[in-house]
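Reading through the C-alpha cells given below for one structure.
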There are 2 protein chains.
Amino acid sequence: MHSISKENYLKTVYHSAGGSGEQVATSKLADKLEVSNAATSEMARKLSDAGLVNYARYKGVGLTESGEKIALQVLRRHRLWELFLIEILGMSWGEVHDEAERLEHCTSDTLINKIEEHLEFPKFDPHGSPIPDREGNLPAMPTLIPINQSVAGDTYIISKVVDQSSELINHITSLGIHLNSKIMIVDKLDFDESVRIKIGNEVHSLSKKVSEHIFVSELNNQDKI
Amino acid sequence: MHSISKENYLKTVYHSAGGSGEQVATSKLADKLEVSNAATSEMARKLSDAGLVNYARYKGVGLTESGEKIALQVLRRHRLWELFLIEILGMSWGEVHDEAERLEHCTSDTLINKIEEHLEFPKFDPHGSPIPDREGNLPAMPTLIPINQSVAGDTYIISKVVDQSSELINHITSLGIHLNSKIMIVDKLDFDESVRIKIGNEVHSLSKKVSEHIFVSELNNQDKI
DNA sequence: AGACCAAGTTAAGCATCCTTAAAAATAAAG
DNA sequence: CTTTATTTTTAAGGATGCTTAACTTGGTCT
Ligand SMILES: [Mn+2]
Ligand SMILES: [Mn+2]
Ligand SMILES: [Mn+2]
Ligand SMILES: [Mn+2]
C-alpha cells in the first residue's frame with residue numbers, strides 16, 4: 001500500500017483532471033492539498049519515478065494507467081465509507097467526509113468488500129458520486145450540470161454535491177438542499193454570478209462558489225439515478 | 001491526536017505493565033513493537049518530555065495518568081472495532097486484529113461512540129478483553145488465569161485469548177477453541193511446559209507459548225462474564 | 001575490589017514529507 | 001522581440017521515526 005500522502009495526491013490529481021487524462025498544474029494540486037508548491041513539485045517527481053503519473057517539468061501531471069487504478073481504489077474506499085457511516089451508523093452528511101478522508105487510507109480490500117456487500121453493492125455515494133467497483137469500473141451516469149450553468153425558469157433534481165469541505169456541505173444542508181431535492185431556478189444574476197433557487201416554498205440565493213459545487217439533472221433524467 | 005507511533009507505543013506500555021503502573025524495560029517494548037532498542041529509548045525520552053510516561057535512564061518506562069488515559073482510548077477504539085468487524089461485518093476472529101490495529105488510529109470520538117451505540121454498549125471484545133467506556137473505565141472482570149497455570153483434571157471456560165498476532169489466533173481457532181468453550185485439563189508436561197486439553201472429544205497439546213496466551217475461568221465463575 | 005557481560009543509551013545517518021527562500025522557466029506586455 | 005511578471009522548480013533545512021554501530025552503565029562473578 002502507498003503512503004497516505006501519495007494516495008491523497010493521486011486522488012487529487014484524478015479529481016482535478018476531471019476524469020479524463022488532462023495534465024493538472026502542480027500549483028492547483030498544492031491549493032487543494034493545502035501544501036506548498038515546492039512539496040507538490042517534489043511529489044510529482046517521486047510519483048513519476050514510481051510510474052504513477054506522467055510529469056514533465058512546467059507541464060503539470062497526469063495519471064498513468066497504474067496511477068488511475070490506485071486513485072480509483074482510494075475513491076472507492078472513500079465513497080463506500082461515507083455511505084456506510086450515514087446508512088449504517090447514522091452519521092450526518094456533514095460529518096462523514098473528514099472521517100472518510102482518513103479511513104480511506106487504512107482499509108484492506110477484505111474490509112471494504114465486506115462493507116460493499118453489507119450495503120448491497122451501491123452505485124452512488126451519499127453525495128451522488130459514483131462508486132468504483134472492485135475492478136475500478138464506474139457505473140454509467142447521466143450527464144449532470146452545475147447549477148451555475150442551469151437555465152432560469154427550468155426545474156431540476158439535485159443529483160450530486162461536491163463534498164471537498166464539510167463547511168460547504170453544512171451550509172448546503174442548512175438551506176434544506178438534499179440529494180434528489182426538486183428545485184426551480186428563479187433567476188440568475190449576472191453581476192455576481194449568483195443564482196436564486198426555489199425549494200418547496202422557500203427561495204435561496206446561492207453564490208457562484210456554492211452553485212458550481214451542486215450538480216443537477218433535468219427532471220426527466222431522474223430515473224437514471 | 002498523537003501520532004500512530006506514539007499511540008502504539010503507549011498502548012504497548014499499558015499491555016506490558018499488566019494494568020498496574022509497573023516500569024517496563026525499553027527492550028521489552030522494542031520486542032513487542034518490532035523496532036530497535038535505540039528507537040524505543042528515543043521514543044521513551046520524547047514521551048517523557050510530553051508528560052505521557054515516567055522515564056529514567058536504565059529504569060524503564062511507566063505510564064503517567066495522562067499517558068494511561070490515551071492508552072485506554074486507543075484500546076477502546078481497538079476493541080470496539082474488532083467486535084464491530086466480527087458482529088456487524090462478519091469478519092473472522094483471525095482477520096480483525098490487524099485491521100483494528102490500523103483503524104484504532106484514525107477514528108474520531110464521534111465515530112467510535114456511534115459504533116459503541118450500534119453494538120449496544122458491549123463490555124467485552126471478541127477475544128474476551130474488557131472495553132473501556134467513554135471515560136476510560138474498565139468493566140469489572142472475574143480473575144482469569146492463563147492455561148499454563150491451570151490444574152490438571154479441572155474443567156474451565158475459555159474466557160480470554162490474547163490476540164497479539166493473527167497467526168496465534170488462527171492456530172487456536174484451528175484447534176476448535178473459541179470464547180466460552182468448555183475445556184478439561186488432561187495433564188501438564190513438566191519437561192516442555194506443554195499442556196494437553198480436551199475439548200468435546202478431542203485432545204490437543206498446547207505449547208507453553210500458546211497456553212500462556214489463553215485465559216480461563218473456573219466453571220462456576222462463568223456467569224460473571 | 002576488579003573484570004566482565006548484557007542491557008540500554010547515544011551518535012550518526014537515512015527516508016518521508018513538509019517548510020521558506022532563491023533561481024529558473026514560461027507567459028504576458030509593451 | 002525584449003522586458004517584465006507570474007508560475008514552477010530547485011536548494012537548503014526541519015520534524016518524525018526508524019536503522020546500525022559505538023559507547024555507557026549497572027549488575028554479576030571471581
Ligand atoms: Mn467525501
Ligand atoms: Mn485522505
Ligand atoms: Mn486485537
Ligand atoms: Mn495500532
Side-chain angles (χ1 to χ4, degrees), chain A residues 1-17 22-63 66-67 70-71 74 98 101-102 104-106, chain B residues 1-17 22-63 66-67 70-71 74 98 101-102 104-106:
Chain A
M1 207 180 269
H2 292 86
S3 71
I4 293 176
S5 286
K6 289 198 174 69
E7 288 191 346
N8 280 332
Y9 194 95
L10 292 171
K11 196 181 63 166
T12 304
V13 175
Y14 183 90
H15 272 130
S16 306
E22 291 165 48
Q23 295 296 110
V24 180
T26 52
S27 55
K28 191 173 180 185
L29 298 170
D31 272 1
K32 295 210 185 186
L33 290 164
E34 298 185 278
V35 296
S36 66
N37 286 348
T40 316
S41 283
E42 193 185 20
M43 186 62 100
R45 199 178 33 70
K46 282 188 203 162
L47 291 175
S48 178
D49 289 350
L52 300 172
V53 298
N54 300 118
Y55 171 59
R57 283 156 67 248
Y58 297 98
K59 303 287 181 183
V61 295
L63 293 175
S66 49
I70 293 168
V74 179
D98 290 347
E101 198 58 54
R102 293 189 304 271
E104 67 187 359
H105 308 292
C106 58
Chain B
M1 206 179 270
H2 292 84
S3 70
I4 294 176
S5 285
K6 290 197 173 69
E7 287 191 346
N8 281 331
Y9 194 96
L10 292 170
K11 197 181 64 166
T12 305
V13 175
Y14 182 91
H15 271 130
S16 306
E22 291 165 47
Q23 295 295 110
V24 181
T26 52
S27 56
K28 191 173 179 185
L29 298 170
D31 271 2
K32 294 209 186 187
L33 290 163
E34 298 186 277
V35 296
S36 66
N37 286 348
T40 315
S41 283
E42 193 184 20
M43 186 62 99
R45 198 179 34 71
K46 282 187 199 163
L47 291 174
S48 179
D49 289 349
L52 300 173
V53 299
N54 300 118
Y55 171 58
R57 285 154 67 248
Y58 298 100
K59 305 286 182 185
V61 296
L63 293 176
S66 49
I70 292 168
V74 179
D98 291 347
E101 198 58 54
R102 292 188 306 270
E104 67 188 359
H105 309 293
C106 59

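For clarity, every value in this text was computed on a predicted model and none was experimentally measured.
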Between P of C/dG8 and CD of B/Q23, the distance in whole Å: 13 Å
Heavy-atom donor-acceptor pair, A/Y9 side chain to A/T40 backbone, under 3.5 Å: yes
Nucleotide C/dA25, atom P - distance to OH of A/Y55 in whole Å: 13 Å
Phosphate OP1/OP2 of D/dT9: any A/T26 side-chain N/O under 4.0 Å: yes
Sugar-phosphate only, base, or nothing, as touched by B/K28 at under 4.0 Å among non-hydrogen atoms: nothing
Side-chain N or O of B/S27 closer than 4.0 Å to phosphate OP1/OP2 of C/dA7: no
B/L10/B/V53 under side chain to side chain contact (heavy atoms under 4.5 Å, CB included): CA gap, chis, key distance, verdict: CA-CA 8 Å; B/L10 292 170; B/V53 299; 3.9 Å; yes
Whole-Å distance separating the CG atom of A/L29 from the C1' atom of C/dC17: 16 Å
Length of the line joining A/H105:NE2 and C/dC17:C1', which is rounded to integer Å: 14 Å
Below 4.0 Å: OP1/OP2 of D/dT25 and any side-chain N or O of B/K59: no
Check: D/dT24 base within 3.5 Å donor-acceptor of B/Y58 side chain: yes
Distance (rounded to the nearest 0.5 Å) between B/K11 NZ and B/K32 NZ: 11.0 Å
Under-4.0 Å side-chain N/O to phosphate OP1/OP2 contact, B/S5 with D/dT16: no
Residues from residues 33-54 of chain A lying under 4.0 Å of DNA chain D - heavy atoms: A/N37, A/A38, A/S41
Spacing of B/C106 atom SG and A/E101 atom CD [to the nearest 0.5 Å]: 11.5 Å
Atom pair NZ/CG of B/K28 and B/N37 - distance to nearest 0.5 Å: 14.0 Å
Net bend of the helix from C/dA1-D/dT30 to C/dG30-D/dC1, end axes of five pairs each, nearest 10 degrees: 10°
Heavy-atom check, side chain of A/M43 versus side chain of A/V35, under 4.5 Å: no
Full working for side chain to side chain contact (heavy atoms under 4.5 Å, CB included) between B/L47 and B/V61: CA-CA 10 Å; B/L47 291 174; B/V61 296; over 6 Å; no
Upstream residue (5' side of DNA chain C) when B/R57 and A/S3 are each assigned their closest nucleotide: B/R57
N/O donor-acceptor pair under 3.5 Å between A/T12 side chain and A/N8 backbone: yes
Sugar-phosphate only, base, or nothing, as touched by B/Y9 at under 4.0 Å among non-hydrogen atoms: nothing
Gap separating the CE atom of B/M1 from the CD1 atom of B/I70, nearest 0.5 angstrom: 10.5 Å
